[in-house]
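Since we're looking at a predicted model, the values are computed, not measured.
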Amino acid sequence: MNKLKLLQLKYVELSGTYEDFPELIWLCWHGCPLQTMPSGLLMNSLLSIDMSHGHMEKFEAPTVLSSLKILWLKGCDKLVCIDSLYRLPKLEMLILWNCSSLTHLCKSIGDLENLDYLNLEGCTKLWKCVNQPETTTLPIKSLFSLPKSLRLLTCWSS
């Protein structure tokens with residue numbers, strides 16, 4: 001498995017550690033049962049991660065992933081929080097479509113100089129947090145700002 005660069009799994013549960021995983025450039029694990037990303041799965045060689053329709057509750061890269069350009073978390077309806085996006089400095093595409101429980105998107109998203117496409121469509125709880133009515137005593141602070149590099153933002157929400 002040392003030469004394996006692309007790995008696609010669908011609704012598979014793996015046991016053991018991820019320390020001996022090969023240096024992948026593309027990891028696709030639809031329906032991943034993990035609640036958080038284990039550090040052994042996130043290697044610096046990764047260009048793309050697709051964890052769509054998984055059970056992840058929080059995404060946080062435990063280390064800098066200087067090669068990662070694409071992060072798909074589409075349909076992760078248990079995902080509540082995305083943290084430490086500054087650890088993904090080359091990220092170009094972030095797909096959070098239908099992450100209906102998402103309420104926290106790291107403020108460092110505004111500092112991602114290469115982020116070109118952001119899909120927040122169907123992130124209904126995130127938009128409810130953003131659109132809270134203003135109170136007379138406390139001004140609303142924005143939850144996050146968007147990067148200047150952004151060319152396409154999809155955020156339709158019903």
Contacts under 3.5 angstrom, residues 83-95 side chains, donor-acceptor by atom type, not counting sequence neighbours:
| from | atom 1 | to | atom 2 | distance (Å) |
| --- | --- | --- | --- | --- |
| D83 | OD1 | H104 | NE2 | 3.0 |
| S84 | OG | E60 | OE2 | 2.8 |
| R87 | NH1 | A61 | O | 2.5 |

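- When the side chains of ILVMFWY residues are joined at heavy-atom separations under 4.5 Å, either directly or via intervening members, L7 and I49 end up in a single hydrophobic cluster.
- Under the 4.5 Å side-chain heavy-atom criterion for Ile, Leu, Val, Met, Phe, Trp and Tyr, W26 and L9 are members of distinct hydrophobic clusters.
- Not counting sequence neighbours, the partners of K78 by the side-chain hydrogen bond (donor to acceptor under 3.5 Å, both in side chains) test are H55.
- Closest approach of K125 to T103, counting heavy atoms only: CB-CG2, 3.8 Å.
- The CD1 atom of I82 sits 6.5 Å away from atom SG of C99, with the distance rounded to the nearest 0.5 Å.
- Linking ILVMFWY residues whenever their side-chain heavy atoms come closer than 4.5 Å, directly or via other members, places L46 and L34 in the same cluster.
- Proximity of L24 to L4: side-chain heavy atoms (C-beta onward) are separated by under 4.5 Å at one or more points.
- L152 has its side chain out of reach of L118: every pair of non-hydrogen atoms, C-beta onward, lies at least 4.5 Å apart.
- Residues that satisfy the side-chain hydrogen bond (donor to acceptor under 3.5 Å, both in side chains) test with D50, not counting sequence neighbours, are H30, S52.
- The hydrophobic cluster containing Y117 does not contain L96, counting ILVMFWY residues as joined when their side-chain heavy atoms lie under 4.5 angstrom apart, directly or transitively.
- Apart from Y11 itself, the hydrophobic cluster it occupies contains nothing, where clustering links Ile, Leu, Val, Met, Phe, Trp and Tyr at side-chain heavy-atom distances under 4.5 Å.
- Side-chain contact between T36 and F59 is absent, with no heavy-atom pair separated by less than 4.5 Å.
- For D111, there are no side-chain hydrogen bond (donor to acceptor under 3.5 Å, both in side chains) partners at least two apart in sequence or on another chain.
- With a 4.5 Å cut-off on side-chain heavy atoms, Q35 and M56 do not count as touching.
- By the criterion of side-chain heavy atoms lying less than 4.5 angstrom apart, applied directly or through intervening Ile, Leu, Val, Met, Phe, Trp or Tyr residues, L153 is grouped together with L126 in one hydrophobic cluster.
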Side chain to side chain contact (heavy atoms under 4.5 Å, CB included) between M37 and M51, worked out: CA-CA 10 Å; M37 287 295 291; M51 304 291 273; 3.5 Å; yes

Tell me which donor-acceptor pairs under 3.5 Å the side chains of residues 66-74 have, and how far apart each pair is, sequence neighbours excluded?
| from | atom 1 | to | atom 2 | distance (Å) |
| --- | --- | --- | --- | --- |
| S66 | OG | N44 | OD1 | 3.0 |
| S66 | OG | N44 | ND2 | 3.2 |
| S67 | OG | N44 | O | 3.0 |

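- Note that CE of M43 is 7.0 Å distant from CG of L27, once rounded to the nearest 0.5 Å.
- Minimum interatomic distance between P147 and L112 (heavy atoms only, all atoms of both residues): CB-O, 3.2 Å.
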Begin with the C-alpha distance, continue with both residues' side-chain angles, and end with the deciding distance and a verdict on side chain to side chain contact (heavy atoms under 4.5 Å, CB included) for V12 and W29. CA-CA 8 Å; V12 172; W29 191 355; 4.2 Å; yes

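- C76 SG to L102 CG: the interatomic distance, rounded to the nearest 0.5 Å, is 10.0 Å.
- Under the salt bridge (Lys or Arg N to Asp or Glu O under 4.0 Å) criterion, D77 pairs with no residue, sequence neighbours left out.
- Considering only residues two or more places apart in sequence or on other chains, S45 meets the side-chain hydrogen bond (donor to acceptor under 3.5 Å, both in side chains) condition with E23.
- Here CG of L120 is found 6.5 Å from CG of L105. Values are rounded to the nearest 0.5 Å.
- Scored by the side-chain contact (heavy atoms from CB on, under 4.5 Å) test, I25 finds K5, L6, L47 as partners (sequence neighbours excluded).
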